[in-house]
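Each residue takes its place number in the sequence, starting with 1. Numbering of ligands and ligand atoms starts at 1, following listing order.
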Amino acid sequence: MSSQAKYDEIYGESINQPDLFWGRAAGEIQWTKKWDRVLDDSNKPFYRWFVGGELNTCYNALDYHVENGRGDQNAIIYDSPVTGSVRKITYRELLDEVSRFAGGMASLGVTKGDTVIIYMPMIPEAAIAMLACARIGAIHSVVFGGFAPNELAIRINDAKPKLVVTASCGIEGKKVLPYKPLLDGAIGIASHKPEKCIIYQRPQVTAELTAGRDLSWSELMADAKPAACVPVAATDPLYILYTSGTTGRPKGVMRDNGGHAVALKWTMKNLYNINPGEVYWAASDVGWVVGHSYIVYAPLLYGCTTILYEGKPVGTPDPGAFWRVISEHGVSVLFTAPTAFRAIKKEDPQGEYLKKYDIHTLRYLFLAGERLDPDTYYWAGNMLKIPVIDHWWQTETGWGITGNCMGIDPFPIKAGSSTRPVPGYNVKIMDSEGIELPNGKEGYVVVRLPLPPGCMPTLWKDDERFLEYMEKIPGCYVTGDGGYFDKDGYIFIMGRIDDVINVAGHRLSTGSMEEILSRHPAVAECAVLGVNDQLKGQVPLGFVVLKAGIDRPAEEIEKEVVKMVRDEIGAVASFRQCLVVRALPKTRSGKTLRSTMRKIADGEEYIVPSTIDDASVLISITEAAQAIGYGKK
Ligand code: COA
Ligand code: AMP
C-alpha cells in the first residue's frame, strides 16, 4: 500500500480525534461566540458540529477581508462571453452591494430563518443575493436556471419562500431565455405563493412586473439601507439545495453555517493548494453544489478572487474560451466537470486554440461531477502539463469526499481513481450486509459516521428521509455510488447503484422521468436508463410499452413523451430519445431488468438472468436500441 506520511498523519487525526482536528480548523473562522462542543454526538445519527457557537458566514466572506486589507482586491470577476462583458467587483464593492441588498430584503420583511428562492442565471447578482441572505440569517435555496416551471414549483412548495429573487432572462450560448414567464408559470402551479418577487432586469429582456408582487432589483436597491450581519448559531441553516433522489420528489439538502465555513475554508489550502489573493475558477453554475461551494463560499471565505463565468467551454465563441479566461484573469486553479473537457477535446483535439493563450498561471485542474474517464484525463494532462486531479463528491457532502490533497502530500496519480479519502471522511467499501470488503472487491461506497463538518446535518424538514441514507448499513452514510479500493489503497468510483444519473455533470433522476412518461395516456409502462454518451458521460434513454388497443404511430408518441420531459423537468434533462417497444424485460416476480437493459443499450456483455420471464423480449430491446445507434460494441 503506497503511503504518504504527512497525509497518513493528518488523515488519521481527522478520523481518530475529530474534535481536535476540526477545532483547530475552526480557528480560521471568526466567531461572535465560541462553540461549547466541536462535535455533539448525543443524538446519533444527527451529529452537529460547533454546538453553541455563533457566527455570520457573510461576515467571514466579506467584512472580515475588507477589515483586513483586501478591500481593493477583486472578489468576483464576472466574465460573460454571451454578453461580451467583463465586470470586476472588489471586496469593498461587493460588501456594499450585498449589505444594501440585504437591507432591501429586510425592508420587505425578510428576517432570520425565512427562506428565499434564488432562480438566477450566472450573473453577480446571484452571488449577491446568496450572500445577502447569509448576512441577515435568511436561508437561501438556489434553483438551477435550466429547470422548468414545474421543478421550480416543487421547490417553492417545499421551501415555502417569503421571497423569490430572479432575473429577466438567462442567456444560453446564443439563446436568450426569458425567466419571468417561467417564474409566473411556477407560482401559478405552486400551492405556496411567495409574498414578493424581485426581478433583476437585464438589458436583453425587460420583464413585465406583476403589480403588488414584483419589484425590480434597481428599485429595491435605490432606497435600501445597508444591513448589518446577524449572528446565527453554527447549527442554523445557511441554505437548502435541492438535488435529485430516486423519485420525482427532490431532496432538500440542508447546510448549516458553522461546519460549512470551517470545512470549506480548510479545503482551499489542503485540497486545492491555493493561496489567498489568487484567482480560483469553478466553471460550473451557482445552481449546483459546486457553484455554491466553489464559485461563491469557499473562494470568498479564503480571500481569493472567484470567477463567475457566463458561457460554455465551446461555442462562446470557440473551444479556446477557457484558455482565454485563464490567461486574461490569471487563474491559478480551475475546477470543472469532465464533460467540459470532452466538449473542448471534440472541437479542438490538437489543442490549436490553446496555443493562442498564455496560461502559465494555471497550477491545477480539478475535475468532479461525474466519472473522469482515462481518455479525458490523459488528454487534459497532455494539453495542460499540470496535475489533473479527479475528486469525488456529492450535493449531500458539499465538498470532496475523495481526492488527492495537493496542499498536504500529493500522491502519484492513477488514471480512473480519485486517489484517497479526504481527511474527515472515513470511507469504506461494504457489501449489502455492512461487511467491509477487502481491497480489489467492488461494493457500496460508504462513509462511517460522523460525516465531517459541512456535510448535510439533515434534509430540509424531512428527518425521516435523511435517515434512509443510514438505514441500509447502520452507522454508515451510504453514498449511492459503487466502487472499490485497489491493492494500493486507491479508490475507484464506478457509478451510481440507484436511479440517479449524471448528464453533463448535472445530477438527474431517471425515476422522476419515468413518473412523467407513465402519465402519458397511451403509456402502459416505461423504463428510463442512463446510457453512455461520448460527450455528456451519460444521457437518459426511455423505453415505453403502449396500452392495448393504441394504434397511433410510435414516432408520434415518442415525440410527445420527449416533449413532456422537456416541459416538466427542463431542457437540461437532455431526454431526447424514447423507444416504443412491445414489452420490458422482467423477472418472473415482475421487476424490470433495468441493469440488463442498460448493458444492452451500452453494447456490453450481459448474462440472461435466470429469473427472466420471457427472454425473447431482450432481442426486441436490442433491435430497438440498435436501430437508433445504441447497443453496439
Ligand atoms: N438555463 C437554461 N437552459 C439550460 C441551462 C441553463 N442554465 N443549462 C443548460 N441548459 C439547456 C441547454 O441550453 C440545452 O438546451 P437545448 O436542448 O435546447 O440545446 C440543454 O439544457 C442541455 O444542456 P447541456 O447538457 O449543458 O448541453 P449543451 O449541449 O448545452 O452543452 C456542454 C454541453 C458539455 C458544453 C455543457 O454541458 C457544459 O459546459 N458542461 C459543463 C459541466 C458543468 O458545468 N457541470 C456542473 C457541475 S461541475
Ligand atoms: P452531485 O450531487 O450533483 O454533485 O452528484 C453527485 C454524484 O456525481 C455522485 O454520487 C457520483 O455519482 C457523481 N460524481 C461526482 N464526482 C464524481 C467523480 N469524481 N467520479 C465519479 N463520479 C462522480
Worksheet item: Which bit of Val503 gets closer than 4.0 Å to ligand 1, counting heavy atoms only: side chain, backbone, both or neither?
Response: neither

Worksheet item: With Asp499, which of Thr510, Leu508, Val528 fulfils side chain to side chain contact (heavy atoms under 4.5 Å, CB included)?
Response: Thr510

Item to complete: Indicate, as side chain, backbone, both or neither, the part of Met122 found under 4.0 angstrom from ligand 1 when only non-hydrogen atoms are considered.
Response: neither

Worksheet item: Do you see a protein non-hydrogen atom under 4.0 Å from atom 11 (C) of ligand 1?
Response: yes

Practice prompt. Please list, chain by chain and in numerical order, all residues satisfying ring pair (Phe, Tyr, Trp, His ring centres under 6.0 Å) with Phe492, sequence neighbours excluded.
Written response: Tyr484

Practice prompt. Please check if atom CD in Glu347 has more than 12 non-hydrogen atoms from other residues, nucleotides or ligands closer than 6.0 Å.
Written response: yes

Fill in: Lys175, portion touching ligand 1 at heavy-atom distance under 4.0 Å
side chain

Response to the item:
So for Ala282 against ligand 1, with non-hydrogen atoms under 4.0 Å, the contacting part is neither

Worksheet item: Strictly by modelled atom types, are Thr316 and Tyr309 linked by a side-chain donor-acceptor pair under 3.5 Å?
Response: yes

Worksheet item: What about the rings of Trp323 and Tyr357, do their centers lie closer together than 6.0 Å?
Response: no

Discussion item. Test of understanding: with salt bridge (Lys or Arg N to Asp or Glu O under 4.0 Å), list the residues that count as partners of Arg155, not counting sequence neighbours.
Written reply: Glu151

Worksheet item: Between His260 and Tyr297, is the gap from one ring center to the other below 6.0 Å?
Response: yes

Discussion item. Evaluate Ser284 for polar contact with ligand 1, using N/O atom pairs at a separation under 3.5 Å.
Written reply: no

Please tabulate, one line per pair, the protein nitrogen or oxygen atoms found under 3.5 angstrom from a nitrogen or oxygen of ligand 2, with distances to 0.1 Å, or say none if there are no such pairs.
unit_1: ligand 2; atom_1: 2 (O); unit_2: Thr395; atom_2: N; d: 2.8
unit_1: ligand 2; atom_1: 2 (O); unit_2: Thr395; atom_2: OG1; d: 2.5
unit_1: ligand 2; atom_1: 2 (O); unit_2: Arg507; atom_2: NH1; d: 2.7
unit_1: ligand 2; atom_1: 8 (O); unit_2: Gly369; atom_2: O; d: 3.4
unit_1: ligand 2; atom_1: 8 (O); unit_2: Asn502; atom_2: ND2; d: 3.1
unit_1: ligand 2; atom_1: 10 (O); unit_2: Gln394; atom_2: NE2; d: 3.0
unit_1: ligand 2; atom_1: 10 (O); unit_2: Asp481; atom_2: OD2; d: 2.4
unit_1: ligand 2; atom_1: 10 (O); unit_2: Arg496; atom_2: NH1; d: 2.7
unit_1: ligand 2; atom_1: 12 (O); unit_2: Asp481; atom_2: OD1; d: 2.6
unit_1: ligand 2; atom_1: 12 (O); unit_2: Asp481; atom_2: OD2; d: 3.4
unit_1: ligand 2; atom_1: 16 (N); unit_2: Gly369; atom_2: N; d: 3.0
unit_1: ligand 2; atom_1: 19 (N); unit_2: Asp390; atom_2: OD1; d: 2.7
unit_1: ligand 2; atom_1: 19 (N); unit_2: His391; atom_2: O; d: 2.7
unit_1: ligand 2; atom_1: 20 (N); unit_2: Glu370; atom_2: O; d: 3.3

Using residues 280-289 as the side-chain source, report each donor-acceptor pair under 3.5 Å to any protein atom, sequence neighbours left out, with the distance given to one decimal.
unit_1: Asp285; atom_1: OD1; unit_2: Gly287; atom_2: N; d: 2.7
unit_1: Trp288; atom_1: NE1; unit_2: His506; atom_2: ND1; d: 3.3

